[in-house]
Amino acid sequence: MIEVYAHNYMKKLLKKDSLLWPHNLTLSRLVARSLRRRDKSTFQLEGANPNDYWLGVLIPLCLNSCGVVLVVTPLQKQRLFQVEIPKLKNEGFHLAVWEGLEPPADEKVWVLNYQEFLNAYDQNSLCSKQFIFTEAELLSRRLREAMSIQVSSSDWDCLRRAYPSAASALVDVHEGLTKRLFSLAIRPNELIRMDLTNIFALRDLLRVLPQPPKPWTAVLNATTGGWASWAELDYKLLDWTWHLQPLEPLQTLRQLFVDNPFITLSSLSENEFISFDEMINVRVKLGAPIYQEPIRLFAPFRQPLPNTECFAEHLLDQSRRLVLGRQGLTIILLDDDHLLRRLTSELAAEFGKRVVFCSTAPDSNGIICCTSKWWLATHEQLPAPEQLIVALLPISSLESPLTAARVEAFKKKGLDWFRDLLLPELLSVLPRLVSPVRRNNGRIAILDGRLRARTWGKNVFDVLQPWIPLDRLLPD
């Protein structure tokens with residue numbers, strides 16, 4: 001009966017507000033059914049913004065929230081508490097939520113962020129729970145960041161103080177690693193990949209130490225394979241920070257998803273749970289493409305490739321032309337730190353204080369130079385931009401130790417690491433980067449010559465649809 005009640009309540013809301021996402025009516029029934037049957041369900045919601053389908057998820061939870069864990073990001077949690085729950089309350093619905101570190105004793109929705117979700121997993125508090133993940137296309141990335149481990153000098157000091165008898169051996173291991181890492185660096189503040197062969201002595205030491213303090217037990221588990229490991233060097237202090245991240249976090253947590261029901265909602269066809277196909281018993285594609293005004297796309301032919309000597313000059317020349325005379329906000333995305341800082345300083349020399357670096361307080365006609373990761377994390381804090389300049393397609397660089405480790409793992413499996421790993425990630429992130437500009441009826445410029453020179457460029461054009469070519473830069 002929960003499906004019927006959810007359907008009827010949602011139908012009344014749709015009559016009151018015709019602007020609600022119309023497929024919430026169907027989604028509410030599907031979510032209610034999955035909650036009742038405790039299914040493992042994946043819903044692909046085509047043409048839906050993540051904020052569109054909150055009601056389709058929350059109304060069934062008002063009727064049946066027993067044993068449900070809702071996993072959210074800080075921004076999603078803010079939206080949930082400040083917008084969605086008050087909206088439900090105004091309509092006479094009351095959603096009981098629990099934010100404690102321990103599971104609720106009664107029927108409340110347990111709201112956790114990704115780090116709290118992993119802590120609850122480590123404490124065996126997730127047994128028999130049913131999980132709900134929105135924006136599931138980003139699930140692996142968010143779990144990977146939450147599972148990441150950082151080891152600083154203070155952690156080494158803590159380990160030595162806990163085991164004075166092993167202090168001398170630990171000092172020797174740390175100094176040996178420090179000398180080796182700095183000898184491999186070719187530029188300041190570099191990221192140096194650490195192979196398992198570099199830490200054999202440390203692993204042997206950790207195995208004989210009973211109950212090492214945090215985070216050393218996690219470090220020992222992470223050095224057995226399936227994790228990327230690298231050092232971030234600090235030349236000013238002659239110090240380094242050790243980073244570890246899992247290559248495939250969903251595989252690390254596989255047994256949790258085997259044992260527990262879950263609901264995932266994604267706006268992309270690429271499903272993070274593709275390796276769990278055998279256990280998923282409900283797959284639904286819901287919705288239809290929403291008509292959007294074509295966005296203007298400037299992507300001229302015969303642009304240089306990123307590995308050519310003239311590419312930096314090409315970026316400066318084209319960025320100058322694109323920015324000149326613009327009245328609104330311009331975003332320049334560039335995921336190469338050296339090129340980004342060089343371009344920022346060169347544009348600042350010409351356009352002055354209009355140019356800022358990763359700032360959320362630009363002028364009305366400001367130019368923000370930033371990485372795609374920064375833009376994704378902060379675009380909601382900024383006014384909608386008039387134009388977006390993609391100086392370099394945000395393809396993960398092999399200079400990143402994490403990307404290099406993931407590519408190596410794909411090679412060992414005999415897979416096409418570009419078309420099976422890097423290209424799908426590019427195609428999933430591009431619509432999210434462009435969305436704020438599209439809503440503002442702005443324009444996009446892509447200055448990466450690979451877009452026209454490579455066969456996979458067609459996939460990029462397809463994912464940006466609808467668009468119309470902008471062949472010449474003329475005044476508006």
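Residues Gln123 and Asn119 bring no donor and acceptor atom of their side chains to less than 3.5 Å of each other. Looking at Gln387 and Thr330, their side chains do bring a donor and an acceptor atom within 3.5 Å of each other. For the residue pair Arg439 and Ser435, a side-chain donor N or O sits within less than 3.5 Å of a side-chain acceptor on the partner.
Counting heavy atoms from C-beta outward, Tyr114 and Pro249 have side chains that stay 4.5 Å or more apart. Leu191 places none of its side-chain heavy atoms less than 4.5 Å from the side chain of Ser400. Annotation: side chain of Asp155 is not in contact with side chain of Trp242 (no heavy-atom distance under 4.5 Å). Contact annotation: the side chain of Leu315 never approaches that of Glu346 to less than 4.5 Å [non-hydrogen atoms, C-beta and beyond]. Put simply, the side chain of Ile331 reaches to within 4.5 Å of the side chain of Leu388, judged on heavy atoms. With contacts defined as side-chain heavy-atom distances shorter than 4.5 Å, the pair Val173/Leu170 does not qualify. Residues Leu430 and Leu426 are in side-chain contact: their nearest non-hydrogen atoms beyond the backbone lie under 4.5 Å apart. You'll find the side chain of Leu27 reaches within 4.5 Å of the side chain of Leu265, heavy atoms only.
Between the Asp204 side chain and the Ala201 main chain, no donor and acceptor come within less than 3.5 Å of each other. Between the side chain of Asn113 and the main chain of Pro74, no donor-acceptor pair closer than 3.5 Å is present. Asn281 places a side-chain N or O within donor-acceptor distance of the main-chain N or O of Lys40, the cut-off being under 3.5 Å. In this structure, the side chain of Asn260 engages the main chain of Leu126 through a donor-acceptor pair within 3.5 Å. Checking side-chain atoms of Arg438 against main-chain N and O of Leu464 turns up a donor-acceptor pair under 3.5 Å. Counting only distance, with no hydrogens or angles, the side chain of Trp110 and the backbone of Gly100 share a donor-acceptor pair below 3.5 Å. Side-chain N or O atoms of Asp448 include one that pairs as donor or acceptor with a backbone N or O of Leu393 at under 3.5 Å. In this structure, the side chain of Ser345 engages the main chain of Arg342 through a donor-acceptor pair within 3.5 Å. Panel note: side chain Thr371, backbone Trp374; a donor-acceptor pair is recorded below 3.5 Å.
A salt bridge links Lys412 with Glu408; the closest basic N to acidic carboxylate O contact falls under 4.0 Å. A salt bridge between Asp39 and Arg33 is present, with a side-chain N of the basic residue lying under 4.0 Å from a carboxylate O of the acidic one.
The CD1 atom of Ile2 sits 4.0 Å away from the CG atom of Asn64 when rounded to the nearest 0.5 Å. Atoms CD1 and CG, from Ile395 and Leu398 in turn, are 10.0 Å apart once rounded to the nearest 0.5 Å. In this structure, OG in Ser319 is found 5.5 Å from CG in Leu347, a value given to the nearest 0.5 Å. Between Leu112 atom CG and Leu118 atom CG the span is 10.0 Å, to the nearest 0.5 Å. Annotation: the span from Cys370 atom SG to Leu333 atom CG amounts to 5.0 Å, rounded to 0.5 Å. With rounding to the nearest 0.5 angstrom, the OG1 atom of Thr178 is 7.5 Å from the CG atom of Asp239.
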Criterion side-chain contact (heavy atoms from CB on, under 4.5 Å) on Leu88 and Leu55, from CA distance to verdict: CA-CA 8 Å; Leu88 288 173; Leu55 287 178; 3.7 Å; yes
Residues Leu80, Leu70; criterion side-chain contact (heavy atoms from CB on, under 4.5 Å); working and verdict: CA-CA 11 Å; Leu80 177 66; Leu70 181 60; 4.0 Å; yes
Working for side-chain hydrogen bond (donor to acceptor under 3.5 Å, both in side chains), residues Ser266 and Glu137: CA-CA 6 Å; Ser266 168; Glu137 65 271 19; 3.1 Å; yes
Stepwise side-chain contact (heavy atoms from CB on, under 4.5 Å) test for Arg450 and Leu392: CA-CA 9 Å; Arg450 292 173 294 181; Leu392 200 63; 3.9 Å; yes
Trace of the side-chain contact (heavy atoms from CB on, under 4.5 Å) decision for Leu340 with Cys369: CA-CA 7 Å; Leu340 177 60; Cys369 300; 3.8 Å; yes
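Between His243 and Trp230, the ring planes lie parallel to each other; the angle is under 30°, not in the 30° to 60° tilted range.
Summarising the local packing, CZ of Arg283 is surrounded by more than 12 heavy atoms from other residues, nucleotides or ligands at distances under 6.0 Å. Summarising the local packing, CG of Leu101 is surrounded by 12 or fewer heavy atoms from other residues, nucleotides or ligands at distances under 6.0 Å. Enclosure of atom CH2 in Trp156 by more than 12 non-hydrogen atoms of other residues, nucleotides or ligands within 6.0 angstrom is indicated. The number of heavy atoms from other shown groups lying within 6.0 Å of CD (Gln115) is above 12.
Legend: residues meeting side chain to side chain contact (heavy atoms under 4.5 Å, CB included) with Ile186, ordered by chain and number and at least two apart, are Glu190.
If you run side chain to side chain contact (heavy atoms under 4.5 Å, CB included) between Ser34 and each of Val284, Thr42, Ile263, only Ile263 comes through. A salt bridge (Lys or Arg N to Asp or Glu O under 4.0 Å) with Glu425 is found for exactly one of Arg406, Arg419, Arg432, Arg141, namely Arg406. Of the residues listed (Val68, Val109, Val71), the one engaging Ile132 in a side chain to side chain contact (heavy atoms under 4.5 Å, CB included) is Val68, and it is the only one.
Across all non-hydrogen atoms, the minimal contact from Leu247 to Arg144 is O-NH2, 2.8 Å. Here the closest heavy-atom approach between residue Asp363 and residue Lys353 is recorded as OD2-O, 3.9 Å. Nearest heavy-atom pair, Thr252 versus Tyr121, reported as atom, atom and distance to 0.1 Å: O-OH, 4.4 Å. Of all non-hydrogen atoms in Ala312 and Leu339, the two that sit nearest each other are CB-CD2, 3.8 Å. Across Leu233 and Trp240, no two heavy atoms sit closer than the pair CD2-CB, 3.7 Å. In this structure, Phe311 and Leu447 approach most closely via the heavy-atom pair CE1-O, 3.6 Å.
The ring of Phe133 has its center no closer than 6.0 angstrom to the ring center of Phe262.
Within the structure, ring pair (Phe, Tyr, Trp, His ring centres under 6.0 Å) contacts touching residues 44-84 (residues at least two apart or in different chains) do not occur.
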